[in-house]
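Below: one structure, written as structure tokens.
These numbers come from the heavy atoms of this one structure, side chains and all, not from hydrogens, waters or symmetry mates. Numbering of residues begins at 1 and proceeds along the displayed sequence.
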Amino acid sequence: MFISFEGIEGCGKTTQVEHLSKSLLQRGIPHVVTREPGGTRLGKLIRQMLLDPSHEEMEPLTELFLYAADRAQHTVQVIRPALEAGQWVICDRFADATTVYQGYGRGQDLTLIQQLNQWATRGLWPQLSLLLDCPVEIGLDRARSRIVEKRLSGREDRFERQAYAFHQQVREGYLDLAKQNPERIKILDATLEPDRLHELVVNLLEPYLAGEGRQGNNEWVSRRS
Ligand code: TMP
């Protein structure tokens with residue numbers, strides 16, 4: 001099972017990924033928690049390059065290719081092997097993020113992005129993508145303490161520096177994508193309390209959770225293994 005979490009800055013993805021990982025552990029479901037950019041050793045280097053605020057000269061196309069490069073490495077090195085070993089993969093952002101940040105946000109060609117995503121993932125897409133949606137004001141407000149702290153120390157990243165309008169385009173992009181892919185992308189109300197939101201995540205996953213888990217003797221079982 002391959003699940004991605006998506007949403008604007010401050011939507012609470014990382015907290016939900018952690019909650020889900022704990023629930024999977026309790027149920028004895030083997031899984032890998034990973035993220036983009038930065039889910040591999042090379043990816044961490046790419047992440048630094050992408051987020052470093054001193055890289056003001058970075059061309060939008062360079063940025064797009066770097067996200068694709070990170071994804072190509074991550075898919076082959078981490079995601080596919082984990083799925084083949086019968087593990088669940090929980091990914092904090094995946095290819096949809098490129099469509100909305102580089103496409104809707106930066107105005108890069110959506111057809112090119114679609115093709116790049118297809119190449120980088122070799123056609124491997126999450127079975128379920130959970131879009132934690134909230135108004136930009138709420139997301140940025142939540143992220144503000146983190147952002148202000150970073151700004152004061154000069155460590156605010158290139159995306160945190162973007163204007164409100166950019167984040168609004170990103171949010172709208174995600175909502176558009178969800179409309180276009182209603183089977184795969186499920187919208188969740190990220191203004192809810194984290195515990196309530198986690199309950200909704202687990203409810204959505206219930207059909208996939210049934211039948212998975214540990215059997216006697218600490219033996220891991222999976223429907224796909
Ligand atoms: P994170 O803070 O969720 O780890 O993501 C780092 C930043 O990278 C975030 O501002 C969103 C951005 N991003 C893109 O612009 N395109 C992408 O394809 C991905 C995965 C992330």
Side-chain angles (χ1 to χ4, degrees), residues 2-14 17 34-40 42-79 89 91-126 128-136 139-140 143 147 150 156-181 184-185 187 190:
F2 179 15
I3 303 165
S4 62
F5 279 83
E6 298 282 357
I8 61 167
E9 319 294 314
C11 68
K13 281 178 295 99
T14 309
V17 166
T34 187
R35 71 166 174 183
E36 288 193 358
T40 61
L42 287 179
K44 287 189 177 69
L45 299 173
I46 296 175
R47 182 182 175 93
Q48 276 174 15
M49 233 189 291
L50 279 163
L51 301 188
D52 188 332
S54 72
H55 294 168
E56 277 167 5
E57 76 276 34
M58 190 181 292
E59 281 293 318
L61 201 56
T62 309
E63 178 182 292
L64 172 61
F65 288 160
L66 285 173
Y67 279 110
D70 171 72
R71 185 158 305 124
Q73 186 69 27
H74 189 216
T75 304
V76 170
Q77 195 183 329
V78 175
I79 300 177
V89 174
C91 196
D92 189 334
R93 296 197 190 280
F94 194 62
D96 293 325
T98 304
T99 308
V100 299
Y101 277 84
Q102 280 63 55
Y104 286 76
R106 299 267 196 243
Q108 292 293 289
D109 185 81
L110 288 172
T111 308
L112 168 66
I113 293 178
Q114 203 181 5
Q115 287 169 349
L116 271 178
N117 274 340
Q118 202 60 18
W119 275 97
T121 61
R122 276 81 163 166
L124 180 69
W125 283 79
L128 199 60
S129 297
L130 302 177
L131 170 55
L132 307 190
D133 176 60
C134 68
V136 171
L140 290 184
I147 292 175
K150 285 188 182 176
E156 184 188 30
D157 77 37
R158 287 197 315 113
F159 289 90
E160 289 163 342
R161 284 191 172 183
Q162 290 295 315
Y164 174 93
F166 175 85
H167 296 287
Q168 188 61 35
Q169 278 160 352
V170 168
R171 181 187 186 203
E172 282 163 16
Y174 272 130
L175 291 172
D176 256 13
L177 272 191
K179 248 191 234 146
Q180 291 161 26
N181 302 274
R184 177 175 64 83
I185 305 181
I187 305 174

Decide yes or no on side chain to side chain donor-acceptor pair (under 3.5 Å) for Q114 and W119, but give the supporting numbers first. CA-CA 9 Å; Q114 203 181 5; W119 275 97; over 6 Å; no
Beyond-backbone contact of [X] with [Y], side-chain heavy atoms, under 4.5 angstrom:
| X | Y | result |
| --- | --- | --- |
| V76 | R122 | yes |
| L110 | Y104 | yes |
| T40 | I46 | no |
| L61 | L112 | yes |
| T34 | C91 | yes |
| T98 | L116 | no |
| F5 | F94 | no |
| R71 | P37 | no |

For [X] and [Y], which heavy atoms make the closest approach, and how far apart are they?
| X | Y | result |
| --- | --- | --- |
| C11 | C134 | CA-SG, 4.2 Å |
| I185 | A178 | CG2-CB, 3.7 Å |
| Q108 | P60 | NE2-CB, 3.3 Å |

Looking at K13 and E6, is there a salt bridge between them, counting it only when a charged N and a carboxylate O are closer than 4.0 Å? no
For Y101 and F166, run side-chain contact (heavy atoms from CB on, under 4.5 Å): C-alpha distance rounded to whole Å, both residues' side-chain angles, the deciding distance at 0.1 Å, then the answer. CA-CA 8 Å; Y101 277 84; F166 175 85; 3.8 Å; yes
Rounded to the nearest 0.5 Å, what separates atom [atom1] in [X] from atom [atom2] in [Y]?
| X | Y | atom1 | atom2 | answer |
| --- | --- | --- | --- | --- |
| E57 | T62 | CD | OG1 | 9.0 Å |
| Q118 | I113 | CD | CD1 | 13.5 Å |
| L42 | Q73 | CG | CD | 4.5 Å |
| M58 | D52 | CE | CG | 8.0 Å |
| L50 | L66 | CG | CG | 5.0 Å |

Residues pairing under salt bridge (charged side-chain N to carboxylate O under 4.0 Å, His left out) where one sits in residues 170-180, two or more places apart or in two chains, turn out to be D133-R171
Quick one: salt bridge (charged side-chain N to carboxylate O under 4.0 Å, His left out) pairs with a partner in residues 100-115, sequence neighbours left out? E63-R106
Test your reading of the model: is there a side-chain donor-acceptor pair from D70 to the backbone of E36, 3.5 Å cut-off? no
Look only at the side chain of H55 and the backbone of M49, and say whether a donor-acceptor pair between them is shorter than 3.5 Å. yes
side-chain contact (heavy atoms from CB on, under 4.5 Å) evaluation trace for N181 with L177: CA-CA 6 Å; N181 302 274; L177 272 191; 4.2 Å; yes
Using a distance-only test with no angle check, is there a side-chain donor-acceptor pair under 3.5 angstrom linking S129 and S4? yes
Side chains of R47 and Y67: donor-acceptor distance under 3.5 Å anywhere? no
Check the pair L175, L131 against side-chain contact (heavy atoms from CB on, under 4.5 Å), reporting the backbone distance first and the verdict last. CA-CA 8 Å; L175 291 172; L131 170 55; 4.2 Å; yes
Go through it in stages, so that I can follow the logic: the residues are V89 and I3, the test is side-chain contact (heavy atoms from CB on, under 4.5 Å), and I'd like the CA-CA distance, side-chain angles, deciding distance and then a yes or no. CA-CA 6 Å; V89 174; I3 303 165; over 6 Å; no
